[in-house]
S.K.: 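Please see the structure below; I have some questions.
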Amino acid sequence: MKKTFYITTPIYYPSANLHIGHALTTVMADAMTRYKKMQGYDTYFLTGSDEHGLKIERTAKTEGEEPKAYVDRIVAGFKELWQRLLISNDDFIRTTEERHQKVVQEIFRKIYEKGDIYLSTYEGWYCTPCEAFFTERQVGEGKLCPDCGRPVELVKEESYFFKMSEYAQPLLEHIEAHPDFIQPVSRRNEMINFIKSGLEDLCISRTTFTWGIPVPLNAKHIIYVWFDALTNYISALGYGTEHDELYQKYWPADVHLVGKDIVRFHTVIWPTILMAADLPLPKQIFGHGWLLLDSGKMSKSKGNVVDPHVLIDKYGVDAIRYFLLREIPLGMDGYYSEENLIQRINTDLANDFGNLVSRTVAMVEKYCEGKTPSPEVEGAFDQELSALAAAVPSEAAGFYDKMDFANALGSIWHLVHRANKYIDETMPWVLAKDPAQAGRLGTVLYNLLEVIRIVTVMITPAMPALPEKVWLQIGVDGTSAQTWAATEWGKTEVGQVVKKGPALFPRIEVKELPNK
Ligand code: MSP
């Protein structure tokens, strides 16, 4: 039986259109899914939208729309963006769907019947943009949200509580026994300290608005939006229904990929809910860093969001995906600026990779009648090039496995650089002048085509639209290049038609930069 791999992104709030920072999480999850598929896994990739709660209710009102009409409109835009970014999700769950609501109520009921949910009164502070409860001590004198810095609201109302405090010890034990449960390590340590400082029971219902899932048996209460949202990871798999095949096959998830701002919800609230419901915990929560602008984190209220549609129109989907994956070091923040993006496009994509392909293809057309030559005569530098081409796939795979895309691509680019250097060292244009060197020339060009093939296989998870264009130019049958095993040296077939096409990544003239 094939090994399975289940990966999720957070489900996004339709409180505004998505910006390029949101795209980072989803592009990472997509690249990971594509990579695992190439490694032979049976993958399942879930994303969706988190549509309930006070924040959405208020946003809809300011837009002059009913909540449902509002979320329908915004969520249609999410789906369109994911298509344009070539996101290969298997499902898109909306928390307003009946299949989801039923499961949330079922989990609530299960935990209530077990005695871990009780009715009391909540008195404390609430941050609506973060949809999070805070204590007097956490909001301080200024009454500001400790997470986003915005003013919090005082709440006093009858609420259901989840006995989260009782799960602090089992949760700590789980985290300690499973070193990979929270990644990267810095986030793990942060969470261990947070839990050790003590967990309180969690307020899990509100009565002062209506846009949400009612508590079973007490419909004047609406289930807390995070309790509702987190459950998407199993409701989408049909948990608790007659058709729970996906749940049986894929749960527990291999990784919940989330931004660092919501690691706490995923490593404290979600696992304790699952423990209370007697369900297995996900294998890993991976908290990635943020994409920042020089002026700080992108947010609608700051008015500094970058629209992914505009960037895709201008630079193409592969370049945007490459930038997002290359620019953010594992678990850390990275910076977006149009200058950085253009620099990556011009240097890595146009100069390094694009030129490698166009020079090689042009030489095969000119010197070998446009057919893949046969490698006849070994010579200087071949060994070094092929040894690197043999080593990089396992090095890059090691990085991909850790979701360290920046280093995976960095390692692949070592090979691209080495191949460009090999052209300078072997000087095929000089060999071409001497008929006695025809065999050697064939070998050099074969080796270059082979490196291009191997590199293209390895960058497929990051740039899924690219391979087809490269295969057309270097005469490779794409169906033979869809697995990681295809990175093995020597698979390029002799005699294939090689044909120059348009530049894969045209250079961006810097004068096109806005306001420069
Ligand atoms: N609805 C919740 C998640 C519920 S999951 C059960 C939520 N939604 S969100 O739309 O605000 O954020 C979705 C994801 O986008 C989060 O992982 C968040 O960290 C990520 N990002 C939002 N802005 C970002 C950047 N500027 N950079 C990187 N990631 C960013 O939270």
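Counting convention: from 1, in listed order, for ligands and their atoms alike. Throughout, numbering of the chain's residues begins at 1 and tracks the sequence.
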S.K.: Let me know which of Y247, Y250, Y233 forms a ring pair (Phe, Tyr, Trp, His ring centres under 6.0 Å) with Y239.
M.R.: Y247
S.K.: May I ask you to check whether H221 and Y160 place their ring centres under 6.0 Å from each other?
M.R.: yes
S.K.: For the ring pair F45 and F5, is the centre-to-centre distance below 6.0 Å?
M.R.: no
S.K.: Do F92 and W82 make the cut of ring centroids closer than 6.0 angstrom?
M.R.: no
S.K.: Non-hydrogen atoms closer than 4.0 Å to ligand 1: which protein residues do they belong to? List them by chain and number, please.
M.R.: P10, I11, Y12, Y13, H19, G21, H22, L24, T25, D50, W226, A229, L230, N232, Y233, V258, G259, D261, I262, H266, H288, G289, W290, L291, K297
S.K.: Give every residue pair that meets the salt bridge (Lys or Arg N to Asp or Glu O under 4.0 Å) criterion with at least one member in residues 217-227, sequence neighbours excluded.
M.R.: E158-K220
S.K.: Give a yes or no on whether the ring-centroid distance for F133 and W226 is below 6.0 angstrom.
M.R.: no
